[in-house]
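Beneath this line is the structure, given in structure tokens, with notes to follow.
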Amino acid sequence: MKVLKTVFGMTAAAAIALMSTSAFAQSYPDRAITMVVPFSAGGPTDTVARLVAESMSKDLGQQVLVENVGGAGGTLGAGRVAQAEPDGYTILLHHIGMATSATLYRKLAYDTLNAFEYVGLVTDVPMTIVARKDFEPADLKGLVEYVKANKDTVTVANAGIGAASHLCGMLLMSAIDTPLTTVPYKGTGPAMTDLLGGQVDIMCDQTTNTTKQIQGGTIKAYAVTSPERLQVLPDVPTAVEGGLADFQVGIWHGVYAPKGTPADVTERLSKSLQVALKDPNVVARFGELGTVPSPEADATPAALKAKLEGEIARWKPVIEAAGQYAD
Ligand code: ASP
């Protein structure tokens with residue numbers, strides 16, 4: 001097999017693999033890319049993904065098509081991508097739930113830290129505590145008193161165990177020491193429809209889904225979970241101002257690819273994500289929805305990897321202390 005050795009001592013097979021990887025990366029992408037959103041269409045993750053995908057499509061010269069695979073708090077869609085071909089044509093846009101579900105689910109169809117390659121961070125979205133328009137309490141203090149007095153009848157919408165709305169709702173119930181009845185949906189897009197229709201009472205949801213409704217007066221807002229009030233919602237107090245000490249939550253989002261996706265492909269996607277996050281249209285639309293794009297240094301594989309590892313470690317003891325798991 002001596003004849004198969006290259007001058008660099010590599011086997012021919014290894015050299016061919018290397019050459020074909022580079023050739024692959026040079027022609028990538030030569031067809032449409034599917035970006036899986038693990039929640040329903042019309043919700044907050046979908047909104048972020050569609051803005052980013054539209055801009056990445058221009059940069060990559062191929063369509064980045066959003067596919068909604070909702071259910072089980074985002075774990076179904078993440079599982080779909082974990083099992084996809086690692087060829088750069090199926091990617092995932094998910095949020096903080098990628099970290100919390102690693103502990104919340106006793107049985108996940110994938111091993112969170114070993115099933116994905118990283119592309120980069122996208123944005124960190126504040127949450128809002130909102131209610132149907134005609135919900136009685138006037139402010140956050142009133143809301144806390146009301147739900148404590150009516151804990152058997154008040155309902156809280158969320159997008160399933162592992163969703164941001166689930167996490168925020170759990171933190172709220174724990175902060176006021178009152179368990180409430182939760183109503184799970186495949187995303188807070190459909191949950192918002194029910195909140196607007198008055199079928200459910202309250203929800204903790206991202207500004208990317210609630211800002212327009214709050215501004216339009218179609219739902220009631222009690223608090224934002226950011227450290228400061230938001231420019232787009234100047235009359236909504238922070239949860240801390242409203243009396244919930246330390247109640248701050250930010251919902252970071254990241255883009256992933258299946259494990260084994262070539263590094264030059266994830267790098268290409270990362271560069272494209274960085275371009276999208278500077279696109280004036282993306283910056284403006286994110287701003288209108290109460291958020292900002294992640295800085296370029298964070299829209300990188302290394303930054304997302306560090307974030308996911310840090311967040312799994314951060315939420316593990318909190319979830320274990322709460323002792324609430326999904327099977
Ligand atoms: N991000 C979810 C959605 O897009 C909602 C959530 O995580 O609470 O519907």
Please set out all donor-acceptor pairs under 3.5 angstrom arising from side-chain atoms of residues 101-109, sequence neighbours excluded.
unit_1: S101; atom_1: OG; unit_2: G97; atom_2: O; d: 2.5
unit_1: Y105; atom_1: OH; unit_2: A72; atom_2: O; d: 2.9
unit_1: Y105; atom_1: OH; unit_2: I161; atom_2: O; d: 2.5
unit_1: R106; atom_1: NE; unit_2: D327; atom_2: OD1; d: 3.3

task: For the pair Y222 (side chain) and P137 (backbone), establish whether a donor and an acceptor sit closer than 3.5 Å, ignoring hydrogens and angles.
output: yes

task: Mark yes or no for whether S40, through its side chain, and K186, through its backbone, hold a donor-acceptor pair below 3.5 Å.
output: yes

- request: State, without any angle test, whether T210 and T128 hold a side-chain donor-acceptor pair at a distance under 3.5 Å.
  value: yes

message: What I want to check is whether the side chains of T218 and Q213 have a donor and an acceptor closer together than 3.5 Å.
response: yes

task: Would you indicate whether the side-chain heavy atoms of V125 and P44 approach each other to under 4.5 Å?
output: no

All N/O donor-acceptor pairs, side-chain side in residues 295-303, below 3.5 Å, sequence neighbours left out:
unit_1: E296; atom_1: OE1; unit_2: K278; atom_2: NZ; d: 2.2
unit_1: T300; atom_1: OG1; unit_2: A297; atom_2: O; d: 3.0
unit_1: T300; atom_1: OG1; unit_2: A303; atom_2: N; d: 3.3

query: Any donor-acceptor pair under 3.5 Å linking the side chain of T266 with the backbone of V119?
result: no

message: Run the ring pair (Phe, Tyr, Trp, His ring centres under 6.0 Å) test against F135 and tell me which residues pass, sequence neighbours left out.
response: Y146

- line: The residue among D124, I251, T208 that forms side chain to side chain contact (heavy atoms under 4.5 Å, CB included) with T291 is T208

- prompt: Between T155 (side chain) and D201 (backbone), is there a donor-acceptor pair under 3.5 Å?
  reply: yes

Name each donor-acceptor pair under 3.5 Å that joins a side chain in residues 232-239 to protein atoms two or more places apart or in another chain, with its distance.
unit_1: T238; atom_1: OG1; unit_2: E241; atom_2: N; d: 3.0
unit_1: T238; atom_1: OG1; unit_2: E241; atom_2: OE2; d: 3.4

message: List the residues meeting salt bridge (Lys or Arg N to Asp or Glu O under 4.0 Å) with D279, not counting sequence neighbours, and say none if there are none.
response: K58

message: Does either side chain, that of D194 or that of Y185, offer a donor lying less than 3.5 Å from an acceptor on the other one?
response: yes

message: I want to check a possible cation-pi pair here: R268 against Y28, using under 6.0 Å from ring centre and within 45° of the ring axis as the test.
response: no

message: Closer than 4.0 angstrom, basic N to acidic O: yes or no for E145 and K148?
response: no

H95: partners by ring pair (Phe, Tyr, Trp, His ring centres under 6.0 Å), with sequence neighbours left out: F39, H253

